[in-house]
Amino acid sequence: MNLLELQQRLGARVRSTIEEKFVSFPPVQGEIPPRTELGDVAFPVAFEVAKRLKQEKGERANPRAIAEALKAALEAEAGVARVEVAGAGYLNVFYDRAQSLQHLVDSSDAPAALPQDDASEKSKVIVEHTNINPNKAAHIGHLRNGVLGDTFVRVLRATGATVEVQNYIDNTGVQVADVVVGFMHIEHMALEDVRRLDESLTPERPFDYYCWDLYAQVGLFYRRGDAEGKEDPELLKLRSDTLHAIEAGDNPTAELADYIATRIVECHLKTMGRLGIRYDVLPRESEILSLRFWDRAFGRLKETGAIRFETEGRNANCWVMPADSHTGTDEHDADKIIVRSNGTVTYAGKDIAYQLWKLGELGLDFYYKPFQQYVDGHVVWVTTSQPPTDEAMVANQPPKFGGGSIVYNVIDSRQSYTQDIVQRGVQAVVPGLAREPSVHLSYEMVALSPAASEELGFELSAEDRARPHIEMSGRKGLGVKVDDLIDRLEANALNEVDTRHAELSPEEKFETARTIATGALRYFLLKWTRNSLIAFDFKEALSFEGETGPYCQYAAVRANSIFRKLDDDTLARARAFAKGLAGSEPDAEAVRQIFAGEGGDELWSLLTQAARLEETTAQVAAQAEPAYLAKYTFQLAKAFNLFYHRHRIIAEENETRRVVLINIADLVRRQLTAALATLGISVPERM
RNA sequence: GCACCCGUAGCUCAGUUGGAUAGAGCGUUUGACUUCGAAUCAAAAGGUCGUAGGUUCGAGCCCUACCGGGUGUACCA
């Protein structure tokens, strides 16, 4: 369902007419006028034509006259009712509204035929998101990553792409090591003790919450209890020793680390699952190390000369990636160390190896085993260093992971510099790939408003209180845990449902509340453009009114309620009427009268807005900006709410008018539901 | 120092690639439930688009300089 084809056809016609009558001209796009009275699509090309005429032929022409000359060609096109020349030379096209309605209803029946350009080999898109350090509960900042990534995945799938979702697990990093230090040196626990502790924990304070607190304690521990003090080098040695033990593997410390990381990943998946966020595969850093991915990437980097060995200077005995611009006084200032002087590899190096694998350019693969299964049977796989041994594992083969034609990495903007290094490394090794095969999908962080910070019980200095926002800190334990926030949203939603729909069963009430909470939270995180920093505020995040997910859901619920009261036969007849418009001129004329009459522009405007979902989705996929889809959905919901308020549909007495209203409401509710689904938000029965 | 991001209504933000009269939400004020549900709708007030130049038919958007804020710039991950 879209009007894009018509728009594109008109654009092509404009161009060919210009070339025929005036000068050579680039492809024209057409744009949506700011107001319905100005038409359905506008071509402000006359100014450019006048300029080109002057430049290329020395002719002086009036833009208005040029627009007039193009008008006739457009008026001859099918689907066009009339064309106006406005202002200094705008060419405004008005569609035939009856014909458009017929077309929209007709095409909405066919399941959106995906453009299967080449069935032989469909390329795969990989999206990597979430990537939370597996050492504590997820906070709202982590959630922004997950929601952004998951929504982008849904957008890509809506455009027909095949998408693989990866969640990278850094199970051998310092953050995990810190919690291991906490268990071993603060709590004096070994693996068995931690296991027993884990089993004894209550749902109010599960394992990831426990580790959240412990991690904050470790931060203090390194500072000998003084939050403002310096870290004690002697205690920091515990961290590096632990880290080395984890990387080496095959020892009690590494086993404890593995237990913690695995359990926390389970918690994270459960948390994300509450919002419908899912994964296909969990590549782990431990396997990148043990399967020697880095060694292979290292060789490739050396071969291509992307990195070089320093024999002197401050980076002596390191492998560095030279900076491409030398702005500092010392030209080595900006060089990035990839391999340290002690021979170990930095994060950037490991990430280059991982990216190469994702693009199918490393020449190595992981082994896999099932990690968990969602209720619908979908399996999440995790990497492992051992080939399958027993028969059951051999029989249960994973899909082919990695080898994407394009890779999106959802990573916050603070890591732009490092990501840049990684991109350069990848491009040096595989120069033949399409431009930017690996895309950093960056976004700003979520910080806390001073009020939110105090609500969490953190004392603020006068200086902090004056700041626009306060950065969350896992080390200080300062942050809004995702599960806490969802719990509050669900409780609030349940409260509302309870007062509005006392007749529902407790299960129905809870399910409705859950859906509303998900809608509120996902929309809250999606309505901001990626490079807008979110200063988290409880009042705003907990709101169900105004520009929120529940507002959009409510519009869809209302639309559905119309059709619950309408018998199926009426709907079928209404659709048949719309489809038959092409064959009945009197009916078509009656429909035109309705759109031309009182409030007709408003009806038409709602219809065209609903028709633009596919176009918007494609744009969101191209620009990787899910906020546009959120805005679109809200605007459609808003327009529908107005329509709903202005018109009584079932009670409408004029038969033709009633049929038109039914068709509009039907198309809008379907598009609205589809838009929400792409945002990961479903529509409850009642709310 | 250098690099990137940001500066639009009281607050928080959009502004779809340079188009027509600058848009939402929240907050404030005021109206609308006997209706397909008011988690809604309508109306009002609120703007020197940080400042100063420039580019052109046209600039919130592009260029230059400056002012103010943020984030990076590790032999951390």
Side-chain angles (χ1 to χ4, degrees), chain A residues 29 31-35 38 42 44 46-48 50-51 63 86-90 92 133 170 172-177 243 285 314-315 317-318 320 325 327-329 333-334 336-342 344-348 350-351 412-418 420 442 444-445 447 449 467-469 471 493 496-497 500-501 516 527-529 531-535 537 539-540 543-548 550-551 553-555 557-566 615-616 619-620 622-623 625 627-628 630-632 634-635 638 641-642 644-652 665 686-687:
Chain A
Q29 192 63 68
E31 55 189 55
I32 309 303
R35 296 184 306 281
L38 295 174
F47 311 107
E48 179 66 20
K51 187 196 281 182
Y90 288 96
N92 293 339
N133 274 304
D170 181 9
T172 57
V174 286
Q175 297 226 26
V176 171
L243 196 53
E285 182 162 87
R314 51 189 283 201
N315 294 339
N317 299 318
C318 295
V320 304
S325 60
T327 45
T329 45
D333 267 359
K336 173 66 187 174
I337 290 167
I338 303 296
V339 180
R340 304 181 188 103
S341 54
N342 66 6
T344 57
V345 58
T346 60
Y347 165 78
K350 280 182 274 195
D351 203 19
D412 80 79
S413 63
R414 284 174 293 187
Q415 297 186 55
S416 295
Y417 170 75
T418 324
D420 228 47
S442 83
E444 268 291 347
M445 63 175 167
S449 69
R467 294 169 70 85
H469 52 80
E471 194 172 346
E496 297 288 332
V497 174
R500 288 158 212 256
H501 296 289
I516 293 168
K527 72 175 180 179
W528 324 73
T529 51
N531 58 11
S532 169
L533 185 149
I534 301 178
D537 182 76
K539 187 169 169 286
E540 205 177 343
S543 172
F544 295 150
E545 290 166 16
E547 194 193 341
T548 64
Y551 176 97
Q553 291 172 310
Y554 186 61
V557 167
R558 289 170 126 188
N560 287 334
S561 74
I562 297 170
F563 292 92
R564 218 180 4 244
K565 306 225 162 157
L566 207 63
E615 190 183 337
T616 304
Q619 187 197 344
V620 169
Q623 300 188 18
E625 183 55 273
Y628 291 162
K631 297 279 177 199
Y632 167 85
F634 172 67
Q635 275 155 19
K638 194 170 142 73
N641 272 334
L642 175 59
Y644 182 87
H645 187 257
R646 291 263 169 92
H647 306 278
R648 292 278 87 85
I649 293 148
I650 294 175
E652 174 60 45
R686 288 164 218 280
M687 65 184 285

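Reminder, nothing fancy here: chain letters follow the sequence lines and each chain counts from 1. Just so you know, these numbers come straight off a predicted model, no measurement behind them.
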A.B. asks: Would you call the rings of Phe634(A) and Tyr551(A) parallel, tilted or perpendicular, where under 30° means parallel and over 60° means perpendicular?
C.D. replies: tilted
A.B. asks: When the distance from CZ of Arg414(A) to P of G70(B) is rounded to whole Å, what number comes out?
C.D. replies: 14 Å
A.B. asks: Can you find a side chain N or O atom of Asn342(A) that sits less than 4.0 Å from OP1 or OP2 on C75(B)?
C.D. replies: no
A.B. asks: Apply ring pair (Phe, Tyr, Trp, His ring centres under 6.0 Å) to Tyr632(A) and list each qualifying residue two or more places apart in sequence or on a separate chain.
C.D. replies: none
A.B. asks: With C1' as the reference atom in both, quote the distance from U64(B) to A77(B) in angstrom, rounded to an integer.
C.D. replies: 40 Å
A.B. asks: Using a 4.5 Å cut-off on heavy atoms from C-beta on, say whether the side chain of Leu533(A) contacts that of Met445(A).
C.D. replies: yes
A.B. asks: Quantified in whole Å, what is the C1' atom distance between nucleotide G27(B) and nucleotide A65(B)?
C.D. replies: 38 Å
A.B. asks: If the C1' atom of U21(B) is compared with that of U30(B), how far apart are they to the nearest Å?
C.D. replies: 26 Å
A.B. asks: For nucleotides G10(B) and U29(B), find the distance between their C1' atoms and express it as a whole number of Å.
C.D. replies: 14 Å
A.B. asks: Is G58(B) paired to anything, Watson-Crick or G-U wobble with both distances less than 3.5 Å, and if yes, which nucleotide?
C.D. replies: none
A.B. asks: Please work out if Val497(A) contacts a base, only the sugar-phosphate, or nothing of the nucleic acid, heavy-atom cut-off 4.0 Å.
C.D. replies: base
A.B. asks: Any heavy-atom pair between the side chains of Glu547(A) and Lys631(A) that's under 4.5 Å?
C.D. replies: yes
A.B. asks: Hey, is the side chain of Arg500(A) pairing donor to acceptor with the base of A39(B) inside 3.5 Å?
C.D. replies: yes
A.B. asks: Contact class for Glu545(A) (heavy atom, under 4.0 Å): base, sugar-phosphate, or nothing?
C.D. replies: sugar-phosphate
A.B. asks: Mind checking if Tyr644(A) touches a base, just sugar-phosphate, or nothing, with heavy atoms under 4.0 Å?
C.D. replies: base
A.B. asks: Within the modelled atom types, does a donor on one side and an acceptor on the other bring the side chain of Asn641(A) and the base of A42(B) under 3.5 Å apart?
C.D. replies: no
A.B. asks: Under a 3.5 Å cut-off for both contacts, is C41(B) paired Watson-Crick or G-U wobble with anything, and if yes, with which nucleotide?
C.D. replies: G31(B)
A.B. asks: Flag the pair Asp170(A) / Gln175(A) as yes when at least one side-chain heavy-atom distance between them is below 4.5 Å, and no otherwise.
C.D. replies: no
A.B. asks: Return the value, rounded to whole Å, for the distance between atom NE2 of His645(A) and atom P of A32(B).
C.D. replies: 12 Å
A.B. asks: For C33(B), does the O4'-C1'-N9-C4 or O4'-C1'-N1-C2 angle fall within 90° of 0, making it syn, or is it anti?
C.D. replies: syn
A.B. asks: State the pairing partner of A24(B); accept Watson-Crick or G-U wobble contacts with both distances under 3.5 Å, and report none otherwise.
C.D. replies: U12(B)
A.B. asks: Expressed in whole Å, how much space separates the P atoms belonging to A14(B) and C76(B)?
C.D. replies: 36 Å
A.B. asks: Among the candidates A24(B), A14(B), A77(B), find the nucleotide nearest to the side-chain atoms of Glu547(A).
C.D. replies: A24(B)
A.B. asks: For Ala555(A), answer base if it contacts any base atom (sugar-phosphate contacts may also be present), sugar-phosphate if it contacts only those atoms, and nothing otherwise; contact means non-hydrogen atoms under 4.0 Å.
C.D. replies: nothing
A.B. asks: Syn or anti for U12(B), with syn set at within 90° of 0?
C.D. replies: anti
A.B. asks: Taking all non-hydrogen atoms of both residues, which atom of Glu444(A) and which atom of Asn531(A) are closest, and how far apart?
C.D. replies: CG-O, 3.6 Å
A.B. asks: Please measure how far the P atom in C6(B) lies from the corresponding atom in G50(B), and state the result in whole Å.
C.D. replies: 12 Å
A.B. asks: Could you check whether the side chain of Gln623(A) and the base of U17(B) have a donor-acceptor pair of N or O atoms closer than 3.5 Å, going by distance alone?
C.D. replies: yes
A.B. asks: What does Ser561(A) touch in the nucleic acid at a heavy-atom separation under 4.0 angstrom: a base, only the sugar-phosphate, or nothing?
C.D. replies: sugar-phosphate
A.B. asks: Output yes when at least one side-chain N/O atom of Tyr417(A) is less than 4.0 Å from OP1 or OP2 of A74(B), else no.
C.D. replies: no
A.B. asks: What do you reckon, is CD of Gln623(A) surrounded by more than 12 foreign heavy atoms closer than 6.0 Å?
C.D. replies: yes
A.B. asks: What is the distance, rounded to the nearest whole Å, between atom CZ of Phe47(A) and atom P of A59(B)?
C.D. replies: 12 Å
A.B. asks: Could you check how far CD of Gln29(A) sits from P of G18(B), rounded to whole Å?
C.D. replies: 13 Å
A.B. asks: Any base atoms under 4.0 Å from Glu285(A), or only sugar-phosphate, or nothing? Heavy atoms, all strands.
C.D. replies: sugar-phosphate
A.B. asks: For Tyr551(A), answer base if it contacts any base atom (sugar-phosphate contacts may also be present), sugar-phosphate if it contacts only those atoms, and nothing otherwise; contact means non-hydrogen atoms under 4.0 Å.
C.D. replies: sugar-phosphate
A.B. asks: Does C4(B) have a Watson-Crick or wobble mate here (both distances under 3.5 Å), and if so which one?
C.D. replies: G70(B)
A.B. asks: Could you measure between the two P atoms, the one in C61(B) and the one in U17(B), and give it in whole Å?
C.D. replies: 15 Å
A.B. asks: Using a distance-only criterion (donor-acceptor N/O pair, under 3.5 Å, no hydrogens), is the base of U35(B) paired with the side chain of Arg648(A)?
C.D. replies: yes
A.B. asks: Write down the partner of A65(B) under the Watson-Crick or G-U wobble criteria, each distance required to be under 3.5 Å.
C.D. replies: U51(B)
A.B. asks: Remember a base hit wins even if backbone is also touched, and classify Ile649(A) as base, sugar-phosphate or nothing at under 4.0 Å, heavy atoms.
C.D. replies: base
A.B. asks: Looking at Lys539(A) and Asp537(A), is there a salt bridge between them, counting it only when a charged N and a carboxylate O are closer than 4.0 Å?
C.D. replies: no
A.B. asks: NA contact type, Arg558(A), heavy-atom cut-off 4.0 Å: base, sugar-phosphate, or nothing?
C.D. replies: sugar-phosphate
A.B. asks: For a quick test of reading the model: is some side-chain N or O of Lys638(A) closer than 4.0 Å to OP1 or OP2 of G25(B)?
C.D. replies: yes
A.B. asks: Pick base, sugar-phosphate or nothing for Leu533(A), based on heavy-atom distances below 4.0 Å to the nucleic acid.
C.D. replies: sugar-phosphate
A.B. asks: Categorize Gln635(A) for me: base, sugar-phosphate, or nothing, with a 4.0 angstrom heavy-atom threshold over every strand shown.
C.D. replies: nothing
A.B. asks: Base, sugar-phosphate, or nothing: which does Asp412(A) touch, judged by heavy atoms less than 4.0 Å apart?
C.D. replies: nothing
A.B. asks: Can you measure Ile534(A) atom CD1 to C5(B) atom P for me and round it to whole angstrom units?
C.D. replies: 19 Å
A.B. asks: If you assign Val557(A) and Glu540(A) each to the RNA chain B nucleotide with the nearest heavy atom, which residue ends up on the more 5' nucleotide?
C.D. replies: Glu540(A)
A.B. asks: Is the phosphate of G58(B), meaning OP1 or OP2, less than 4.0 Å from a side-chain N or O of Tyr90(A)?
C.D. replies: no
A.B. asks: For A77(B), does either OP1 or OP2 sit under 4.0 Å from a side-chain N or O belonging to Tyr347(A)?
C.D. replies: no
A.B. asks: If you pin Thr418(A) and Ser413(A) to their nearest nucleotides in RNA chain B, which one's is more 5'?
C.D. replies: Ser413(A)
A.B. asks: Quote, to the nearest angstrom, the C1' distance that separates G1(B) from A45(B).
C.D. replies: 48 Å
